[in-house]
*Asks:* 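This structure is in structure tokens; I'll ask about it shortly.
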Amino acid sequence: MNATTAKTAISPRRDQDFPEWYQQVIRAAELAEPSEVRGCMVIRPWGYGIWENMQRQLDAMFRATGHRNAYFPLFIPLSYFAKEAEHVEGFAKECAVVTHSRLEADANGKLRPASVLTEPLVVRPTSETIIGASYAKWVQSYRDLPVLINQWANVVRWEMRPRLFLRTTEFLWQEGHTVHETEAEARAETKQMLEVYERFVRDHLAVSVFSGEKSESERFPGAVQTLSIEAMVQDRRAIQAGTSHFLGQNFARASGIQFQNREGKQEYGWTTSWGMSTRLVGTVVMAHGDDDGVVLPPRIAPTQVVILPITPKEEARAKVLEACDKLARQIREMRYVDLPIEVEVDRRELGGGVKNWEWIKKGVPLRVEIGPRDLEKNSVEVSRRDQGIKAKESVPMEELVRRAPEILMSIQNNLYERATKFRDEHTRVIDSKKEFYDFFTPANSEKPEIHGGFALAHWNGSREVEEQIKNDLKVTIRVIPLDDSAEHGECIFTGKPSSRRVVWAKAY
RNA sequence: CGGGGUGUAGCUUAGCUUGGUAGAGCGCGUGGUUUGGGACCACGAGGUCGCAGGUUCAAAUCCUGUCACCCCGACCA
């Protein structure tokens, strides 16, 4: 490598071609790869490990708020699905449908579907209707409420333009489905779960988000209200990171979830649903990654500390490896956020540089090198992934063991601060239509550079305006903030009165 | 589903216009030299050129059909 050229592990760089960079990072870090099956991906161990950590931590938060896990069928009878009209309309175009049950060889030996199902089965794109069928049986009285259930599952949405993690035909997620006695309680649940999501994304993924309500046009099909958290990634676009829906009595009516209330009258339940998906893995990559690969927040890194033995001389090899194992054992006894630290000793017989770069690309928070010289001094060379690739610090071994948790915490915090700063720098309060259009129009339309960001602007609530902006700029309202940020002003497009600013951005 | 494009080794691709034994780089394997670092040298494995048909003495190359994928739209966690 030439010392004067700063060669990056990933090419192109983010500023050259962000979408391509994203694909390359995912490949280089061995997170996932496109499969032979159209629109579907293979999630490799490193990527799945990240998802498992997200799952574990999110699941604990669900439990802590009183939810329990269960599992419902992958297949939804078409008739169930058809019960909620708006819901059908919203999902119909992207449903995979099973119409046959058996394979038979034809005259040429080709396998063909043989037996037509009396009723087609929809592969769940989301489970409101199939879960509703169970809830209808379980709920008889106000004493059966609330029902607070979550399921971890795969779902299928026949999307036209798949992208690894961000939008694949099949994806993994969790979907919470609850039933409540009153509207107020269901609304509170919807809000609560949005806050859980917001906290999870902040504390675990080191990403700060804007949260709020979706406009009518972006609402979940069949919902009364959709709440969402929106993260900004490094090309300054928004990613919807989690949604929580207040479904009113719409789905209860469709599924027949009815109970006898405290007055002895039959009443429909008030339901909610909320979900987060493997899209979060892509969000983390785009939020924190750099030109050398993924940068993982320690809390979700499958391996938090990797120890790299440096064994230039064969004679020293055994001793170095022994020291690595000992250090690994000691660090594993330390705890970071109440969990044992995940340490791996990379003993593979590969060139030291190759190994080091692999871990850089994978985004391991802390790399620790131990060679014969370090053994003599009883110290190690430590590199943090959130700092320059070349940066190394010599640290006495016992000190590293002692400080490992605090270093991980420092990396986690640093990533969060960095991402938040980035978001804030690219979030602009905008008060005129011209400024708005300028903000979202690239200087070079042939090859648009990274531009724009989040715009906070007044809007009069009209759907036509939303349409117009979407057509002109591909910019949509990401959320209408719920907090007390109400501020009177004028819609920058129509001049009509507006009661608050809303968040506008280009979205994934 | 509209508009454009591409299919050659695991990956990136040259060759195609003007038909004549399929080439490279990376990766992979073996051996060696190195090595506080994504190293170097040598040797080697790996391709019925997306598939089917046609033209021809001869097809990766020309023709027809077909399938798949990619990019730009509409849809979207």
Side-chain angles (χ1 to χ4, degrees), chain A residues 1-2 7-11 17 19-20 23-24 27-28 33-39 89-95 124-126 153-163 165-175 197 214 217-221 226 228-231 238-245 273-283 292-293 308-314 316-317 320 346 349-361 367-377 379-381 383 389-390 392 394 445-448 467 470-471 474 476 507-508:
Chain A
M1 178 177 144
N2 184 338
K7 187 187 165 195
T8 57
I10 305 298
S11 75
D17 185 346
E20 183 59 24
Q23 305 219 85
Q24 294 302 330
R27 189 151 84 140
E33 60 192 22
S35 80
E36 301 296 300
V37 186
R38 191 212 117 82
E89 201 187 321
F91 283 105
K93 279 170 289 182
E94 49 197 58
C95 281
R124 62 180 168 219
T126 177
N154 57 340
V155 287
V156 168
R157 295 183 188 175
W158 214 261
E159 302 287 359
M160 288 292 97
R161 318 258 266 104
R163 288 187 96 204
F165 289 112
L166 297 183
R167 194 184 308 110
T168 46
T169 301
E170 178 190 15
F171 58 95
L172 306 182
W173 77 345
Q174 60 67 216
E175 46 180 329
Y197 286 163
K214 284 291 188 187
S217 60
E218 299 261 325
R219 196 177 289 157
F220 177 76
T226 288
S228 167
I229 54 172
E230 301 279 330
I239 294 190
Q240 183 171 312
T243 48
S244 183
H245 315 289
S273 69
W274 26 276
M276 269 194 167
S277 73
T278 36
R279 169 176 258 203
L280 291 176
V281 178
T283 305
D292 291 309
L308 302 163
I310 309 285
T311 54
K313 296 187 183 67
E314 203 48 44
R317 193 179 161 77
V320 169
D346 187 350
E349 293 184 29
L350 286 174
V354 177
K355 272 199 233 182
N356 192 29
W357 278 104
E358 254 184 48
W359 290 109
I360 290 169
K361 288 185 273 191
R367 304 189 305 282
V368 178
E369 303 179 351
I370 307 184
R373 287 215 293 272
D374 301 302
L375 284 190
E376 281 165 27
K377 295 185 293 176
S379 71
V380 292
E381 296 285 330
S383 307
I389 291 310
K390 293 282 161 60
K392 271 189 201 180
S394 180
S445 58
E446 291 295 303
K447 195 176 176 294
E467 271 304 308
K470 190 174 177 182
N471 287 338
K474 289 177 197 148
T476 51
Y508 274 98

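In what follows, chains are A, B, ... by sequence order, proteins preceding strands, each numbered from 1. Remember, predicted model here, so these are calculated numbers, not experimental data. All values below were derived from every heavy atom in this structure, side-chain atoms included, with hydrogens, water molecules and symmetry-related copies excluded.
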*Asks:* State which residues pass side chain to side chain donor-acceptor pair (under 3.5 Å) with Thr168(A); sequence neighbours excluded, sorted by chain then number.
*Replies:* none
*Asks:* Select one nucleotide: of G36(B), G37(B), G38(B), the one nearest the side-chain heavy atoms of Trp357(A).
*Replies:* G38(B)
*Asks:* Say you pick atom P in A9(B) and the same atom in G46(B); how far apart are they, in whole Å?
*Replies:* 15 Å
*Asks:* Base, sugar-phosphate or nothing for Glu358(A)? Non-hydrogen atoms, less than 4.0 Å.
*Replies:* nothing
*Asks:* Answer with base, sugar-phosphate or nothing: what part of the nucleic acid does Tyr508(A) contact at a heavy-atom distance below 4.0 Å?
*Replies:* nothing
*Asks:* Between A68(B) and A77(B), how far apart are the two C1' atoms, rounded to whole Å?
*Replies:* 27 Å
*Asks:* Looking across every strand, which nucleic acid part, if any, lies under 4.0 Å from Thr243(A) by heavy atom: base, sugar-phosphate, or nothing?
*Replies:* nothing
*Asks:* Categorize Arg27(A) for me: base, sugar-phosphate, or nothing, with a 4.0 angstrom heavy-atom threshold over every strand shown.
*Replies:* sugar-phosphate
*Asks:* Among all residues two or more places apart in sequence or in another chain, which pass the side chain to side chain contact (heavy atoms under 4.5 Å, CB included) test with Thr226(A)?
*Replies:* Lys214(A), Arg219(A), Phe220(A), Ala223(A), Thr243(A), His245(A)
*Asks:* Can you tell me if Lys355(A) uses its side chain to pair, donor with acceptor, with the backbone of Leu308(A) under 3.5 Å?
*Replies:* no
*Asks:* Please identify each residue that fulfils side chain to side chain contact (heavy atoms under 4.5 Å, CB included) with Ser11(A), with sequence neighbours left out.
*Replies:* none
*Asks:* List, one per line, each side-chain donor-acceptor pair under 3.5 Å for residues 368-375 of chain A, sequence neighbours excluded.
*Replies:*
| residue | atom | partner | partner atom | Å |
| --- | --- | --- | --- | --- |
| Glu369(A) | OE1 | Lys392(A) | NZ | 2.9 |
| Asp374(A) | OD2 | Gly371(A) | N | 2.8 |

*Asks:* For a quick test of reading the model, state the closest non-hydrogen atom pair linking Thr8(A) to Asp292(A) and the distance between them.
*Replies:* CA-OD1, 3.5 Å
*Asks:* Looking across every strand, which nucleic acid part, if any, lies under 4.0 Å from Thr169(A) by heavy atom: base, sugar-phosphate, or nothing?
*Replies:* nothing
*Asks:* Checking all strands, does Leu350(A) fall into the base, sugar-phosphate, or nothing category for heavy-atom contacts under 4.0 angstrom?
*Replies:* nothing
*Asks:* Compare the minimum distances between each of G37(B), G38(B), G36(B) and the side chain of Glu381(A), then state the nucleotide with the smallest one.
*Replies:* G36(B)
*Asks:* Grab the NZ-P distance between Lys93(A) and C1(B) for me, whole Å please.
*Replies:* 16 Å
*Asks:* Suppose you measure atom P in G25(B) against the same atom in C41(B); what distance do you get, rounded to whole Å?
*Replies:* 11 Å
*Asks:* According to a strict under-4.0 Å criterion, is Lys470(A) in side-chain N/O contact with OP1 or OP2 of G73(B)?
*Replies:* no
*Asks:* Using the P atom as the reference point in each nucleotide, state the distance between G73(B) and G19(B) in Å, no decimals.
*Replies:* 40 Å
*Asks:* Between C75(B), G36(B), G73(B), which one does the side chain of Glu94(A) approach most closely?
*Replies:* C75(B)
*Asks:* Could you tell me how far C51(B) sits from C69(B) if I compare only their C1' atoms? Round to whole Å.
*Replies:* 14 Å
*Asks:* Quick one: pull up CZ in Arg279(A) and CH2 in Trp173(A) and give me the separation to the nearest 0.5 Å.
*Replies:* 12.0 Å
*Asks:* Tell me, with the steps shown, if Lys470(A) and Ser217(A) meet side chain to side chain contact (heavy atoms under 4.5 Å, CB included).
*Replies:* CA-CA 11 Å; Lys470(A) 190 174 177 182; Ser217(A) 60; over 6 Å; no
*Asks:* Write down the distance separating the P atoms in U61(B) and C26(B), rounded off to the nearest Å.
*Replies:* 29 Å
*Asks:* Just compare A77(B), A39(B), G36(B) and give me whichever is closest to any side-chain atom of Arg279(A).
*Replies:* A77(B)
*Asks:* Please report the distance separating the C1' of A39(B) from the corresponding atom of G3(B), rounded so that it comes out in whole Å.
*Replies:* 49 Å
*Asks:* Nearest heavy atom decides the nucleotide; on that basis, is Gln23(A) or Ala507(A) closer to the 5' end of RNA chain B?
*Replies:* Gln23(A)
*Asks:* In whole Å, I'd like the distance from the CD atom of Glu349(A) to the C1' atom of U30(B).
*Replies:* 15 Å
*Asks:* Rounding to a whole Å, what distance do you find between Trp173(A):CH2 and A77(B):P?
*Replies:* 9 Å
*Asks:* Scan Gly351(A) against the nucleic acid and name what it touches under 4.0 Å (heavy atoms): base, sugar-phosphate only, or nothing.
*Replies:* nothing
*Asks:* On a plain distance test, is the side chain of Lys392(A) in donor-acceptor contact with the base of G37(B) below 3.5 Å?
*Replies:* yes
*Asks:* Quote, to the nearest angstrom, the C1' distance that separates U12(B) from C70(B).
*Replies:* 15 Å
*Asks:* May I have the distance from Ile389(A) (atom CD1) to G36(B) (atom P), rounded to whole angstrom?
*Replies:* 21 Å
*Asks:* Checking contacts here: which listed nucleotide (A77(B), G37(B), G36(B)) is nearest the side-chain heavy atoms of Pro312(A)?
*Replies:* G36(B)
*Asks:* Nearest nucleotide by nearest heavy atom, which residue falls closer to the 5' end of RNA chain B, Pro309(A) or Ser217(A)?
*Replies:* Pro309(A)
*Asks:* Quickly work out the Phe171(A) CZ to C75(B) C1' distance and round it to whole Å.
*Replies:* 14 Å
*Asks:* Could you check which of G37(B), G38(B), G73(B) has an atom nearest any side-chain atom of Lys474(A)?
*Replies:* G73(B)
*Asks:* Let me check I have this right: for RNA chain B, each base becomes ., (, ), [, ] or |, based on Watson-Crick or G-U pairs with both distances under 3.5 Å. What is the full string?
*Replies:* (((((((..((((......[..)))).((((((.....)))))).....(((((..]....))))))))))))....
*Asks:* Applying salt bridge (charged side-chain N to carboxylate O under 4.0 Å, His left out), can you list everything that pairs with Glu33(A), at least two apart in sequence or on another chain?
*Replies:* Arg44(A)
